[in-house]
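When a ligand or atom number is given, it counts from 1 through the structure's own listing order.
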Amino acid sequence: MEKKYVLALDQGTTSSRTILFDHDSNIVAVAQREFTQIFPKPGWVEHSANEIWSTQVGTISEVIAKANIDPNEIATIGITNQRETAVVWDKTTGQPVYNAIVWQSRQTMEICDELKAKGLADTFHKKTGLLIDAYFSGTKVKWILDNIEGAREKAEAGDLLFGTMDTWLIWKLTGGKVHVTDYSNASRTLMYNIRELKWDDELLGHLNIPKCMLPEVKPSSEVYGVTIPSVTQGVEIPISGIAGDQQAALFGQTCFNAGMAKNTYGTGCFMLMNTGSQLYDSKNGLLTTIAWGLDNEVVYALEGSIFVAGSAIQWLRDGLKILDSAPDSEYYAGKVKNAEGVYVVPAFVGLGAPYWDMKSRGAIFGLTRGTSKNHIIRATLDSLAYQTKDVLDAMQSDSGIKLDSLKVDGGAVANNLMMQFQSDLLGVPVDRPKVVETTALGACYLAGIAVGFWKNKEELINNWQLDRRFEPNMGEEERNELYVGWLKAVRRTMNWL
Ligand SMILES: Nc1ncnc2c1ncn2[C@@H]1O[C@H](COP(=O)(O)OP(=O)(O)O)[C@@H](O)[C@H]1O
Ligand SMILES: O=P(O)(O)OC[C@H](O)CO
């Protein structure tokens with residue numbers, strides 16, 4: 001039967017999505033299921049790996065039914081995922097030994113402090129391109145082995161497996177046969193040497209993690225295995241693409257050349273710049289990471305990771321209950337001229353790039369008797385733009401490359417007011433593509449290339465289409481004044497705990 005489609009599984013922080021794309025990169029059908037966010041203690045964030053699996057597999061059948069296609073028409077599957085989130089499971093029973101510890105979670109802060117106190121920051125940084133921070137998987141795995149009774153003995157006996165969500169899903173999709181990840185996900189674990197492309201024995205020693213529990217690391221585009229028919233409507237479908245969601249979005253935005261960058265506004269906000277074969281050692285708090293492995297080469301990226309972006313809008317909705325829905329934020333924010341001196345610093349789980357302060361916490365500044373909920377909503381939206389300026393400035397300084405426009409994507413870019421403010425604040429145009437599901441698209445491209453559905457990446461460039469360009473419309477003086485206020489506000493949240 002003619003292969004007409006590629007299926008992308010996008011396992012995000014708040015929902016599992018499956019999207020069916022055709023050969024021209026059009027979305028044919030989407031299914032999405034949210035899952036429980038577990039907050040056992042302040043600053044801790046966990047997910048049930050079994051619920052992640054059940055929501056993801058549920059969306060596969062849903063999408064096939066919605067699109068009304070024969071599953072035999074699906075050429076292949078690409079996987080993309082929230083990165084760093086770590087699960088450890090028993091390879092015989094298939095049961096996780098503990099919840100998945102989410103990238104945002106701060107429960108390994110003490111382990112990080114201990115590693116830093118031993119003077120290991122440079123060693124980890126040189127080998128992994130990362131910093132010692134609770135964000136990355138390594139200390140999460142150590143925490144599970146240290147805290148769950150019997151886990152360390154079992155891990156050492158080879159009975160437990162570790163995976164990020166790509167690895168977990170592929171293991172489940174293949175009926176427990178395949179235990180793999182790709183370079184882009186491995187590069188977020190704090191255990192992978194991004195220069196020598198191997199799990200690093202010295203770092204594993206410092207973290208006390210047995211190597212036998214780690215997945216095999218592969219390029220981002222090759223056939224890793226096939227699904228068991230029971231999960232894909234009675235048909236075996238190859239799985240041939242894997243990338244962490246932010247790297248997948250870089251690929252989906254067709255940022256194939258060094259110097260090209262994108263910014264994704266989802267739960268968090270992540271700016272990545274393709275740096276080709278070059279590894280930049282950031283002087284400004286950015287990470288060096290692997291973008292993808294393809295065509296026998298590894299492409300590197302510079303990354304600015306912002307922990308709280310769209311989730312600050314969710315906080316307005318679910319925490320403060322001053323919004324019914326995230327899109328309503330645009331309406332309320334538009335009722336005021338600007339934030340009128342109010343700044344929201346959403347450091348709910350500390351601050352990521354470029355500050356890297358696990359001990360800062362969120363704050364609202366500049367309140368007066370005239371402050372309304374509209375100002376707070378406006379200032380919360382503005383915080384996405386300010387945080388983006390922080391990382392863009394760092395990136396331009398590190399790379400010496402001045403961007404003449406910024407490609408954006410992710411759920412929150414639907415907000416026109418926020419996009420306009422972003423362009424005003426950066427002083428460069430902001431380009432929003434027609435398909436903002438670039439994460440899923442990137443996974444789809446990587447998978448499609450592996451099986452010849454698309455010839456090569458050059459064929460994909462023409463599929464990128466502009467939806468809207470936001471042009472800057474703010475004077476230099478106003479921009480600087482606003483930004484100075486933001487920097488002052490951020491400084492005051494730091495080292496709070
Ligand atoms: N119109 C909007 N304005 C502002 N934020 C929005 C809007 N629509 C969605 N969001 C935010 O975008 C996020 C969802 O984006 P998505 O790319 O699906 O995230 P993720 O992949 O991290 O789960 C949510 O945090 C939500 O609050
Ligand atoms: O779920 P998202 O889209 O916010 O992405 C999470 C990141 O991969 C965390 O590093």
Electrostatic pair R378:E340 at N-O distance under 4.0 angstrom: no
Contacts of D24 meeting side-chain contact (heavy atoms from CB on, under 4.5 Å) (sequence neighbours excluded), chain-then-number -> D22, N26
Lys/Arg-Asp/Glu bridge criterion (N-O < 4.0 Å) met for E62, R33: yes
T128 side chain to F124 main-chain N or O, any donor-acceptor pair under 3.5 Å? yes
Listed partners of D467 passing salt bridge (charged side-chain N to carboxylate O under 4.0 Å, His left out), at least two apart: R432
My understanding is that only residues two or more places apart in sequence, or in another chain, count here; which of them pass ring-ring contact (aromatic ring centres under 6.0 Å, His included) with Y98? W143
What protein heavy atom sits nearest atom 17 (O) of ligand 1, and how far away is it? G411 N, 2.9 Å
Is the closest heavy atom of Q82 to ligand 1 under 4.0 Å? no
Enumerate the pairs of nitrogen or oxygen atoms, one from ligand 2 and one from the protein, separated by less than 3.5 angstrom; state names and distance to 0.1 Å.
| from | atom 1 | to | atom 2 | distance (Å) |
| --- | --- | --- | --- | --- |
| ligand 2 | 1 (O) | T13 | N | 3.1 |
| ligand 2 | 1 (O) | T13 | OG1 | 2.4 |
| ligand 2 | 3 (O) | D245 | OD2 | 3.1 |
| ligand 2 | 4 (O) | T267 | N | 3.4 |
| ligand 2 | 4 (O) | G268 | N | 3.4 |
| ligand 2 | 5 (O) | D245 | OD2 | 2.7 |
| ligand 2 | 5 (O) | Q246 | NE2 | 3.3 |
| ligand 2 | 8 (O) | R83 | N | 3.1 |
| ligand 2 | 8 (O) | R83 | NE | 3.0 |
| ligand 2 | 8 (O) | D245 | OD1 | 2.5 |
| ligand 2 | 8 (O) | D245 | OD2 | 3.3 |
| ligand 2 | 10 (O) | R83 | NE | 3.2 |
| ligand 2 | 10 (O) | R83 | NH2 | 3.0 |
| ligand 2 | 10 (O) | E84 | OE1 | 2.6 |
| ligand 2 | 10 (O) | E84 | OE2 | 3.3 |
| ligand 2 | 10 (O) | Y135 | OH | 2.8 |

Please report which non-hydrogen protein atom sits nearest to atom 12 (O) of ligand 1, along with the residue it belongs to and the distance in Å to one decimal place. A412 N, 3.5 Å
So which bit of A326 gets within less than 4.0 Å of ligand 1, heavy atoms only: side chain, backbone, both or neither? both
Nearest-contact summary for atom 20 (P) of ligand 1 - protein heavy atom, Å: T267 OG1, 3.5 Å
With heavy atoms of Q314 as the reference, note each atom of ligand 1 found under 4.0 Å away. 24 (C), 25 (O), 27 (O)
Suppose I only count heavy atoms of S311 and a 4.0 Å limit; which atoms of ligand 1 are within that range? 25 (O)
Pick, from S16, G310, A333, the option with the minimum heavy-atom distance to atom 26 (C) of ligand 1. G310
